[in-house]
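Data first, discussion second: the structure below is written as structure tokens.
Atoms within each ligand, like the ligands themselves, are counted from 1 in listed order.
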Amino acid sequence: MTQVVYLDHAATTPLDPRVRAAMEPWLGERFGNPSSRHPFGVAAAEALDGARAGVARAFAVRAADVVFTSGATEANNLGVIGQARAGRKHGRRVLVGATEHPSVREAAEALEREGFAVETLALDADSSVDLEDLARRLAPDVVLVAQMLVSNEFGTVYPLRELARVVRARAPHARVHVDAVQAVGKIECALAELGCDSLALSAHKLHGPQGVGALVLVNSTVEALLVGGGQERGRRSGTENVAGALGLAAALRFAELERAASLAAAKAARAAIVARLSEMPGSRVLEPGRRARGIVDAILALVVRVAPAEVVMHHLERRGVYVSAGAACQSKKGAQSPSLAALGLGEDEARHVLRFSFARTTTVAEAEFAAQALVEVQRELAAVNA
Ligand code: PMP
């Protein structure tokens with residue numbers, strides 16, 4: 001059997017067997033609607049309460065601050081649209097980071113169609129959010145500022161705490177929403193530390209199940225997007241996903257317990273690939289902001305000279321190495337990634353960015369296997385081009 005090395009953990013991660021074990025009873029013999037008054041319902045409600053307490057603990061908030069959702073897409077939609085609508089009486093301006101995931105950006109576009117004015121924040125030469133540009137745009141009529149915490153392109157950590165401080169000083173009614181999908185389990189995400197009002201996360205990015213996530217919301221209100229039975233304190237109707245919520249809580253617990261080991265695994269995997277760079281003529285690492293604010297080692301962006309990333313990716317795939325030509329998918333089809341443009345990469349070079357992403361299950365042997373394949377693929381393609 002050919003070996004498969006999966007290095008696309010920023011896209012999704014395998015389910016941890018311990019997380020699966022935490023979910024299993026509620027996928028089998030146990031069931032009940034948490035809203036039912038009989039013992040099956042009460043037991044389901046208790047299980048859900050336990051999961052909620054676990055999620056709350058991970059972000060140092062109260063259980064009532066956790067809204068379970070179907071993932072980060074829904075959490076971002078609710079955080080952006082729901083909070084902006086709830087703050088409408090104060091104004092109709094919304095500021096959005098330039099590198100946001102489509103679930104944030106397009107949520108803002110939806111607001112635009114109902115009369116909000118949406119502005120995109122500028123990036124500095126380090127591809128980080130330009131806080132001076134932000135300060136200039138802030139005024140009391142800004143009701144929401146959305147900015148991701150860790151870049152899904154390079155792993156760059158954005159200065160959320162400083163951003164929140166600038167927002168508080170100049171826009172008293174504005175809520176700060178953070179997409180923490182690529183940050184949770186990797187860096188500190190306590191809401192008070194970040195100074196944010198709401199945070200979106202997705203379980204499958206941290207060895208939990210797909211289709212479940214949460215919006216963590218402190219001292220803020222949202223206008224619900226899903227209405228009906230009034231679950232989640234009226235903020236998200238629909239019978240709760242009990243097994244999924246338990247999976248999310250368990251995934252967070254293991255992510256926290258094993259954070260140091262996970263960081264070490266990512267660092268070692270990254271180093272194993274970077275060590276072979278001299279054998280890849282013209283290739284280089286993209287790690288904007290590493291010195292200024294740090295970078296999450298779990299994501300490694302490489303500019304490969306020899307061919308577009310998409311081509312290299314498919315050649316790697318044939319050798320059993322699964323990565324992503326990820327950076328480009330940040331932007332809408334045809335448009336260039338704003339973060340790459342900020343770094344001075346032209347449209348052509350931007351197509352040469354290959355993304356490796358690691359997890360706590362990644363071994364050095366896997367990274368070495370991938371590095372060897374990458375060296376060979378580049379040699380092969382160079383020979384074809386010659
Ligand atoms: N935000 C970011 C930064 C992401 O990487 C993703 C997943 N690609 C999402 C939001 C959306 O998460 P989900 O697909 O689980 O809803």
What part of [X], side chain from CB on, backbone N/CA/C/O, both or neither, has a heavy atom under 4.0 Å from ligand 1?
X: Asn76; result: side chain
X: Glu74; result: neither
X: Gln182; result: side chain
X: Thr73; result: both

### Query
On the ring face of Phe254, is Arg18 found with NZ or CZ under 6.0 Å from the centre and within 45° of the axis?
yes
Which atoms of ligand 1 are found less than 4.0 Å from any heavy atom of [X]?
X: Ala72; value: 10 (C), 11 (C), 12 (O), 13 (P), 15 (O), 16 (O)
X: Lys205; value: 5 (O), 6 (C), 7 (C), 8 (N)
X: Asn152; value: 3 (C), 5 (O)

### Message
Is the ring pair Phe31/Phe40 parallel, tilted or perpendicular, if the boundaries are 30 and 60 degrees?
### Response
perpendicular
### Query
With a 4.5 Å limit on heavy-atom distance, are the side chains of Val181 and Asn152 in contact?
no
### Query
In this structure, which one of Val364, Thr363, Val5 forms a side chain to side chain contact (heavy atoms under 4.5 Å, CB included) with Phe369?
Val5
### Query
Counting heavy atoms only, which of Leu201, Thr12, Asp179, Asn77 is nearest atom 3 (C) of ligand 1?
Asp179
### Message
What's the separation between atom CD in Glu240 and atom CD in Gln231, rounded to the nearest 0.5 Å?
### Response
5.0 Å
### Task
Check each of His207, Arg253, Arg360 against Glu258 using the side-chain hydrogen bond (donor to acceptor under 3.5 Å, both in side chains) test, and report the only one that passes.
Arg360
